[in-house]
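What follows is one structure encoded as C-alpha cells, with my remarks underneath.
All values derive from a computational prediction rather than experimental measurement. Chain A is the first sequence line, chain B the second, and so forth, proteins listed ahead of strands; every chain is numbered from 1.
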Amino acid sequence: MAGRVRKHSASFFENVYDVVRLVPHGRVTSYGSIAEYIGLRGSARMVGWAMNGSHTRLTDVPAHRVVNRNGLLTGKHHFGTPNMMQQLLENEGIEVVNDKIVRFNELFWNPLKELQI
DNA sequence: TTGCTGACCGACG
DNA sequence: CCGTCGGCCAGCA
C-alpha cells in the first residue's frame with residue numbers, strides 16, 4: 001500500500017526527549033506512559049532504550065524523572081553511580097525508599113492527562 | 001537479511 | 001505473592 005501512513009521514527013528520540021523535558025520539577029512519569037503518548041503503546045522498552053541514548057546526546061533530558069510503572073528506579077544503573085538517580089530525585093524533594101518512589105501515585109505525571117490537546 | 005538484545009508492561013498459573 | 005512468557009520495535013553484528 002503506497003498510501004499507507006508511516007509512523008516516522010526518524011524523530012523517535014526527539015519525541016521521547018520532548019515529553020521527558022516537559023516533566024515538571026519534582027514530578028515523575030513512566031516509560032509506558034511516554035510510549036503511549038507518542039503513539040507506541042506497548043513499546044515502553046523503546047523509551048528506556050531512548051533514555052540510554054540521552055547520555056550521548058547533548059540534550060538536557062531529566063531521565064531521572066522516568067521510572068517504571070511501579071515507581072521503581074529501574075534505570076539507576078545507567079547513571080554515573082548507582083545512587084545518582086536517587087540523589088537527583090531527592091534533590092527535587094522526591095522521597096525514595098528501597099529504590100522506590102514514595103507517594104508515587106501523587107507525584108506521577110501522566111502526559112496523556114497533563115498534555116491533552 | 002536474520003537473529004539477538006533491551007532503563008517495560010500485562011497476562012497467566 | 002512470585003516466576004515466566006509474549007509482545008513491542010529500533011539498533012547492531
I'd like to check A:Val61 versus A:Met51 (side-chain heavy atoms, cut-off strictly below 4.5 Å). Are they in contact? yes
Would you mind building the protein contact string for nucleotides 6-13 of chain B? One character per nucleotide, 5' to 3', B for base within reach (heavy atoms under 4.0 Å), S for sugar-phosphate only, - for untouched. BBBSB---
Tell me: CG of A:Leu72 to P of C:dC2, nearest whole Å? 13 Å
Selection residues 68-82 of chain A - residue pairs positive for salt bridge (charged side-chain N to carboxylate O under 4.0 Å, His left out), sequence neighbours left out: A:Lys76-A:Asp99
A:Leu73 side, atom CG; A:Leu89 side, atom CG - distance, nearest 0.5 Å: 5.5 Å
Nearest whole Å is fine: how far is C:dC8 C1' from A:Glu36 CD? 13 Å
Separation of the C1' atoms in B:dA7 and C:dC2, to the nearest angstrom: 22 Å
Partners of A:Trp109 by ring-ring contact (aromatic ring centres under 6.0 Å, His included), sequence neighbours excluded? none
Quick one: are A:Tyr37 and A:Asn15 in side-chain contact, heavy atoms under 4.5 Å? no
